[in-house]
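Everything numeric here is computed off the predicted structure, so don't read it as measured data.
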Amino acid sequence: MSGRMAALRILLQIAFRDLFASRAKTLIVGGIILFGAVLVVVGSSLVDTVDAGMRASIQGSLAGHVQVYDARSKDPLALYGSMMGDPELTPFEDFARVKSAISAVPGVKQVVPMGLGTAMVSPGNLFDQAVAKLRADVRARLAGQGGPELEARTEAHAAHLRRMATLLRDDLRQATEIIEIGGKEAAERARNAEDLARATSPEFWDEELPRDPLAALEFLENRIAPLALEGTLIYIRYVGTDLEQFRRAFDRLEIVEGSLPPPGQRGLLIGKLYAEDYLKLRAARRLDQLQEAITLHHRKIAGDEELTRWVKEAGGQTREILMQLDPMQAAEAARRLRTALGSGEQDLGKLLGQLLAVDDRNFAERYRIFYGELAPMLQLYPFKVGDAVTVQGAARSGYTKSVNLKVWGLVQFKGLEKSGFAGVMSVMDIDSFRELFGWLTPEARAEIRGLKAAAGVKDLSREEAEASLFGSAPAAPPVVTGPVAAAPPGPAAPEQPHPLSREAGEGQGGGAATSPSDPDQGVALNAAVILDDPRHIPQAMRDIVAAGDRAGLHLKAVTWQEAAGMVGQFVTLARLVLYVAVLIIFAVALVIINNAMVMATLQRVTEIGTLRAIGAQRRFVWAMVLVESVSVGVAFGLVGSAIGAGVVWLIRAAGGIPATSDRMYFFFSGPSLLPRLGAGSLAVSLTIVLLVSVVSGLYPALIATRVTPLEAMQSGED
């Protein structure tokens, strides 16, 4: 043993002597190895941290540890959508059965029903809301109420509508001057112009409205309000689920405002980020964006093309503000702005223009004035918590389904407040999702049964229906289209054994009644599975599929990464890019080290031959060259790994890498990425360096072993 240690010590002395003797070669070779080691340590630390962040984001917001869906689905599950839109999934028609099978798997903690979709929300527009206010005044008058306050309010509401109609008329005139159209569109535009001319005429407000107020309001509501398109339809992306189970399973869910619907009640919770980025009054949204860019990212409006564009866009939104204010509110707003701006201007539109003409010098003050003086008088969002909205979605059959839902609150996922993937997601009760999806809810089934019973309608097969219509069979009981109360009572429709029923119109109505308090009884598209120990995800997936097979179900279990679709592949792609870069660097290093060692070996033929002449074996020569190669690799690899660790520490100490976009917010699982140095990164770096060093030294070592004393003597004579 002592002899081997002595030999190793001699080999190391020779190696370091040669490395110092050839400093240029050593620095070139070592520099490449050092750079590669730094890249491996820093890159793998960043990728590992992003991987952990994405795992936390996806698992904590929508996916859970495992996602399960029907294996017969046409498309793979993609929680955040795909290039082709929402995947086409075969629904679980009896989720209770699915949940029972999965819950029996050891280690499964929770199984949450889910259904993702996109719907349109119609909160009505500002003109509709203004008409509703005037209608309330008119009804109060017709009911015999009166008084100066009602008269003043009525006058203000009427003036507000008149001004809104005037703005719409001006918009139409501008559009006509800019764009010429023909055919049916031109005829429709001409009709709209006539309607707006009527709605802005003195005769309409001074004669027509007082003479027949209800008819005048009908005209405004049906002919003018549709021309005010803003706020008519809003697209939302939602997840329909058992809200209580969802909140227990995903602890990152945070109710920013409002509350969950009480048990047994339906409702919608809007994503906070979606409300801020897509629903908020545009002028306010632009000011918010400017505020964030200036205060958080220390950007300047002057010279910044994007911020300058936001300023112009904010200034161009005065019309939206004017549309909201009736004359009394407009006068108050003008008074407040004159005081705050120190202006003598009387026109509210011009005062708004002054307020929104911001620059680096006045932005902070104008921002304060907007939210302190003007915003309390405005409706910043098309609807607020507590309002009822109509949600429309395309059912599975292709028909449009609608449900009226109360907005119970605003939600976000902690740490993902700025994430465009998770922050825009709204949450809806599972019964409403099922109705939008085209499946009858317990209430709908009960209503249909009641209608059938009241009308005396019975279920017919296709043959019976054809015989009733075209044959000689007795006619089937008529379908009643008039008032239900007038129809004679009849027997209730028979219950079907299946717990679900398809939507009306598909001819498969009926089904066992389910309770609204039992959200597991019904259809679901997929399920989130929460495990007791997430380290056992692979085994749990195998057990879930096996449990489904035993229950006669077709379950497909995927990890959170697969369920996330293209989003989940980001880390895999980033890791692949890193590995390719490392491979290229070390391939270059291997070639350079190999060539350098070959040249060094050829230059040392005399030395090697002398060693052979005094008794050195080929094995000693082979080891001498190889130790030299490994020594340079290990020495610079250690230094590179240490520098990489230092870089990671410095990034972390400086506050990490800030997320400058909503996607980075999601990938980082927060506002910044704080890389963590793992032992695995250091181990991988040193392993790669050692492997490259050994491989690059093999060929030069082989050449060295072929050198004989005779060749050394001949080399000396030359």
Validation row: [X], [Y] side chains within 4.5 angstrom (heavy atoms):
X	Y	answer
Ile270	Val411	no
Leu46	Ile657	yes
Arg266	Ser432	yes
Asp431	Val403	no
Val558	Lys556	yes
Gln392	Val121	no
Pro261	Leu243	yes

Closest approach of [X] and [Y], non-hydrogen atoms and distance?
X	Y	answer
Ala314	Ala283	O-CB, 4.1 Å
Ala528	Met114	CB-SD, 3.6 Å
Phe433	Gly240	CB-CA, 3.7 Å
Val391	Ala119	CG1-CB, 3.5 Å
Gln67	Ala563	CG-CB, 3.6 Å
Ala249	Val112	CB-CG2, 3.6 Å

State whether the side chain of [X] and the backbone N or O of [Y] hold a donor-acceptor pair below 3.5 Å, judged by distance alone.
X	Y	value
Asp70	Phe92	no
His65	Pro534	no
Thr241	Phe246	no
Arg434	Val523	yes
Glu244	Arg247	no
Gln291	Tyr367	no
Ser426	Gly271	yes

To the nearest 0.5 Å, how far apart are [atom1] in [X] and [atom2] in [Y]?
X	Y	atom1	atom2	answer
Thr559	Met541	OG1	CE	5.5 Å
Leu62	Leu116	CG	CG	6.5 Å
Tyr278	Arg285	OH	CZ	9.0 Å
Met428	Leu268	CE	CG	5.5 Å
Leu281	Leu287	CG	CG	9.5 Å
Leu269	Gln412	CG	CD	12.5 Å

Q) Would Val529 and Val105 count as a side-chain contact (heavy atoms from CB on, under 4.5 Å) if you check the C-alpha gap in whole Å, the side-chain angles of each, and the deciding distance to 0.1 Å? A) CA-CA 11 Å; Val529 179; Val105 173; over 6 Å; no
**Q.** ring pair (Phe, Tyr, Trp, His ring centres under 6.0 Å) partners for Tyr238, two or more places apart
**A.** none
Q. Got a sec, which residues hit ring pair (Phe, Tyr, Trp, His ring centres under 6.0 Å) with Phe370, two or more places apart in sequence or on another chain?
A. none
Counterpart residues, side-chain contact (heavy atoms from CB on, under 4.5 Å), relative to [X] (two or more places apart):
X	result
His536	Asp533
Glu276	Lys272, Lys280, Asp288, Tyr381
Ser259	Trp408
Ser103	Lys99, Val111

Taking only residues two or more places apart in sequence, or in another chain, which ones meet [X] in a salt bridge (charged side-chain N to carboxylate O under 4.0 Å, His left out)?
X	value
Arg652	none
Glu254	none
Glu313	Arg286, Arg309
Asp48	Arg575

**Q.** Summary of salt bridge (Lys or Arg N to Asp or Glu O under 4.0 Å) pairs that have at least one residue in residues 384-394, sequence neighbours excluded
**A.** Lys384-Asp387
Q: Kindly state each residue pair satisfying salt bridge (Lys or Arg N to Asp or Glu O under 4.0 Å) with at least one member in residues 536-552, sequence neighbours excluded.
A: none
Q: Indicate whether the side chain of Asp429 and that of Gln265 have a donor and an acceptor atom separated by less than 3.5 Å.
A: no
Q) Checking side-chain contact (heavy atoms from CB on, under 4.5 Å) for the pair Ile255/Leu410: CA distance, chi angles, key distance, verdict? A) CA-CA 6 Å; Ile255 300 176; Leu410 301 177; over 6 Å; no
Q: Take Val98 and Leu553 through the side-chain contact (heavy atoms from CB on, under 4.5 Å) test and state the conclusion after the steps.
A: CA-CA 7 Å; Val98 173; Leu553 301 169; 4.1 Å; yes
